[in-house]
Amino acid sequence: MRQYGVDEAGYEGVPEPIPPLIAVNTTAGTGSETTRTAVLTDESTSTKFIIVSQNIVPDVAIEDPELTVSLPKSHTAFTGIDALTHAIEAFGSVKSYSVTDEFARDAMRRITDSLVPAWANGEDIEARTEMMIGQFKAGKAFGNSSVALVHGMARPLGAQLHLPHGLANGLILPYVVEFSQMTKPAKYAEVARILDAADAHEPDRVAARKAADGIEALCEDISLTDYLDDFGEVPSREEYLELVPEMTQDAFDSGSPDNNPRKPTHDELEALFVRVYDDALAPDSRRRS
């Protein structure tokens, strides 16, 4: 599989169609059941890599919310934040356009309204249905306008600390949004308003600065950082700092940061990794738990 990764084979690096594939979705979710992207872990190097090709798109995708009713609260949280990250990153991406924006807007609204109810009561079929639709539309959004800096950082962070992908995304998302919001204030203001973190009458630049607060509040509502004790291996700060240069390079190598509306320098990206540790990962400073 490794030979088909974007870093080795480029985009559309799978030369022939795969055998017929029916994707039955059991989370809400990654949207991968209808996209040309797959994310895999290379355990030999503690890195994650992506394969992007039309030849791996499933022939049929089945979206049945009843299959998510038994999803544990932890993975409801992880996959739900993953879907929200897809929508927000697609919305802010330099490759976004009107069609992807509409998918992303609808996804953000549905996920914002339904993630907490689905997490609190897994048998709430209405919330599960809305989450299934939301993650599907988020998948269509990022499948066409791409993910950005959050995913570029989350892949090496998740691989090194053995974190579920959605958990890694959720830990990083507020900091990248805070870093990026000044470049597209109208869009990030819309994100803040969808998250009920800003009022309609506030100027876009004022509202945009509140988008990260809205994300943090949602993560707090689903107790996201509480799961770090059971999922992942958080090292000491000193050990983490030794990993930062490698994770930073891996993030740049993924190509995803190029899609971010504000492109970080090497030093800025390292600083973001350090801030994620100090504010979200360190046991004594998990302010969103």
Side-chain angles (χ1 to χ4, degrees), residues 25 27-37 61 63 65 77 79-119 126-151 166 169-170 172-174 176-219 221-222 256 259-262:
N25 203 9
T27 68
T30 69
S32 62
E33 72 279 4
T34 63
T35 70
R36 62 190 181 116
T37 303
E63 310 277 11
T79 55
I81 287 295
D82 190 24
L84 180 65
T85 304
H86 290 157
I88 292 175
E89 289 223 280
F91 196 56
S93 168
V94 297
K95 296 180 178 178
S96 65
Y97 58 101
S98 59
V99 175
T100 62
D101 284 352
E102 285 306 308
F103 279 125
R105 284 189 184 98
D106 194 46
M108 286 188 284
R109 293 187 187 107
R110 291 175 187 271
I111 294 165
T112 298
D113 290 343
S114 303
L115 177 54
V116 175
W119 174 83
E126 182 177 351
R128 291 293 195 184
T129 299
E130 287 296 295
M131 284 302 301
M132 187 69 83
I133 298 169
Q135 68 86 37
F136 166 77
K137 291 200 167 186
K140 302 308 290 183
F142 90 83
N144 288 280
S145 64
S146 191
V147 292
L149 181 56
V150 176
H151 276 72
N169 274 340
I172 295 167
L173 181 60
V176 169
V177 166
E178 184 178 3
F179 174 81
S180 305
Q181 52 81 25
M182 66 183 68
T183 60
K184 289 190 175 183
K187 281 202 163 181
Y188 285 104
E190 193 169 349
V191 172
R193 292 174 186 129
I194 289 172
L195 289 162
D196 290 327
D199 296 329
H201 68 272
E202 293 180 287
D204 285 348
R205 288 201 175 277
V206 175
R209 290 195 289 270
K210 297 181 179 180
D213 294 335
I215 294 164
E216 288 193 357
L218 182 59
C219 290
D221 285 344
I222 58 174
S256 295
N259 302 319
N260 208 61
R262 179 182 176 187

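Note that these values count all heavy atoms, side chains included, but never hydrogens, waters or copies made by symmetry. On a predicted model such as this, the values are computed, not experimentally measured, just so you know.
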Is any side-chain heavy atom of [X] less than 4.5 Å from a side-chain heavy atom of [Y]?
X: Phe103; Y: Ser145; result: no
X: Asn25; Y: Phe136; result: no
X: Arg193; Y: Asp204; result: yes

Which value, rounded to the nearest 0.5 Å, describes the distance between [X] atom [atom1] and [Y] atom [atom2]?
X: Thr112; Y: Ile88; atom1: OG1; atom2: CD1; value: 7.0 Å
X: Ile81; Y: Ile215; atom1: CD1; atom2: CD1; value: 8.0 Å
X: Leu173; Y: Leu149; atom1: CG; atom2: CG; value: 10.5 Å

Partner residues of [X] under the side-chain hydrogen bond (donor to acceptor under 3.5 Å, both in side chains) criterion, sequence neighbours left out:
X: Arg209; value: none
X: Glu126; value: none
X: Glu130; value: Arg110
X: Asn260; value: Ser180

Q: Walk me through it: do Glu178 and Glu216 pass the test side-chain contact (heavy atoms from CB on, under 4.5 Å)?
A: CA-CA 11 Å; Glu178 184 178 3; Glu216 288 193 357; 5.8 Å; no
**Q.** Pair listing, salt bridge (charged side-chain N to carboxylate O under 4.0 Å, His left out) test, anchored in residues 137-150, at least two apart
**A.** Asp106-Lys137
So, using side-chain contact (heavy atoms from CB on, under 4.5 Å) as the criterion, who are the partners of [X] when residues are at least two apart?
X: Ala118; answer: Thr76, Ala127, Arg128, Met131
X: Asn144; answer: Tyr97, Thr100
X: Thr35; answer: Ser32, Thr37, Phe142

Side chains of residues 195-202: which donor-acceptor pairs under 3.5 Å do they make with residues two or more places apart or in other chains?
unit_1	atom_1	unit_2	atom_2	d
Glu202	OE1	Asp199	N	2.7
Glu202	OE1	Lys210	NZ	3.4
Glu202	OE2	Lys210	NZ	2.3

Return the minimal non-hydrogen interatomic distance between [X] and [Y], and the atom names on each side.
X: Ala208; Y: Pro185; value: CB-O, 3.6 Å
X: Tyr188; Y: Ala211; value: O-CB, 3.6 Å
X: Ala77; Y: Trp119; value: CB-CD1, 4.0 Å
X: Pro65; Y: Thr129; value: CG-OG1, 3.4 Å
X: Thr30; Y: Gln135; value: N-OE1, 3.6 Å

Q: Verify side-chain contact (heavy atoms from CB on, under 4.5 Å) between Asp101 and Lys187, making sure each step is shown before the conclusion.
A: CA-CA 10 Å; Asp101 284 352; Lys187 281 202 163 181; 2.9 Å; yes
Q: May I have all residue pairs that pass side chain to side chain donor-acceptor pair (under 3.5 Å) and include part of residues 83-94, sequence neighbours excluded?
A: Asp82-His86, His86-His151, Glu89-His151
Q: Using atom types as modelled and distance alone, determine if a side-chain donor or acceptor of Arg262 lies under 3.5 Å from a backbone N or O of Gln181.
A: no
Q) Among all residues two or more places apart in sequence or in another chain, which pass the salt bridge (Lys or Arg N to Asp or Glu O under 4.0 Å) test with Glu190? A) Arg105
(Q) Please evaluate residues Leu218 and Val116 with respect to the criterion side-chain contact (heavy atoms from CB on, under 4.5 Å), reporting the C-alpha separation (whole Å), side-chain torsions for both, the decisive distance (0.1 Å), and the verdict. (A) CA-CA 8 Å; Leu218 182 59; Val116 175; 3.6 Å; yes
